[in-house]
Amino acid sequence: MKVLVIGGSGFLGTALVRQATAAGWGSAATYCSRPSSLPGVSWHQLDLRAPGHIDEVLAASDPEVVINATSGGSDWAVTADGSIRVAMAAAQRGCRLVQVSSDAVFSGSPTPYDETCLPDPVTPYGAAKAAAETAVRLLAPAAAVVRTSLIIGHGGSAHECLVHALAAGTHDGVLFTDDIRCPVHVDDLASALWELAVSDGAGVFHLAGSDAISRHELGVLIARRDGLDAGRLAAGRRADTRMPGALDVRLDSSATQGRVCTRLRGAREFLQRQ
């Protein structure tokens, strides 16, 4: 099988590429500024803001499966318009498409969100992801749209780097006790994404960890795993700030978990100190 990972040099993309090459698949991946050093991969520079660029990459890599794991943040031209270009190009070539989305498409509620819940974003990033979801489902009805949460790994995620900086005193800030998410391990997420990619599942899926925890508790778990002083992690309440964004977003992944063999561990399990 020939696969293409868009955003292959990113945190999630790197895990996806590693697993694809380990499976012996013909692997191609894209990067924005510089390629990864992973071997056995055909690397292609891609600017999703440029019309026609994705068509050139698809023609060069000729994949059967495309996973769009790029992260353009709140840049509408990348996150929304770029995803639309990917969906149009993949549909035209008959590629299987998996679009990675985010829990940021929701406004926040103590009631878990399952796959049937409609987006109601409250941030520019969430709005861009929601627009991408809608476009992909219209342009590529056979595609899988996969929402996930905070992605944690072996020390390289943005969340883990922040905890290390806070514990070392090289960064000022607090971790919120009222900002709830369902963190997922990057290896679990990548494995489950590939399962969906090689299936014929279409529509919306949720792949998040089984534990709903605050960003502060997540930080404490990371610090303890890595032998850091968790007492240096200041706690605060997001509700007391003017920062935009949802507070409590819990993804219910039980329906999708029933379709994939990969077990989506909770943060309290995968961050246990060895």
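In this chain, residues are counted from 1 in sequence order. Heavy-atom basis, side chains included; hydrogens, waters and symmetry copies ignored.
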May I ask you to say whether Arg93 pairs ionically with Asp62, meaning some side-chain N is under 4.0 Å from a carboxylate O?
yes
Taking only Lys NZ, Arg NE, NH1 and NH2, and the carboxylate oxygens of Asp or Glu, determine whether Arg250 and Asp252 approach each other closer than 4.0 Å.
no
Counting heavy atoms not belonging to [X], are there more than 12 under 6.0 Å from its [atom1]?
X: Arg265; atom1: CZ; value: yes
X: Asp172; atom1: CG; value: no
X: Arg137; atom1: CZ; value: no

Can [Y] be reached from [X] by stepping across I, L, V, M, F, W or Y side chains whose heavy atoms are under 4.5 Å apart?
X: Ile180; Y: Val122; answer: no
X: Val98; Y: Val260; answer: yes
X: Ile151; Y: Trp194; answer: yes

Answer yes if the side chains of Glu217 and Ser214 hold a donor-acceptor pair under 3.5 Å, and no otherwise.
no
Using modelled atom types and a 3.5 Å cut-off, is there a donor and acceptor pairing between side-chain atoms of [X] and backbone atoms of [Y]?
X: Ser191; Y: Asp188; result: no
X: Ser27; Y: Val41; result: no
X: Arg232; Y: Ala167; result: yes
X: Thr256; Y: His206; result: yes

With rounding to the nearest 0.5 Å, note down the distance linking CG in Leu233 to CD1 in Ile222.
9.0 Å
So Tyr113 and Phe106, would you call those rings parallel, tilted or perpendicular, with 30° and 60° as cut-offs?
parallel
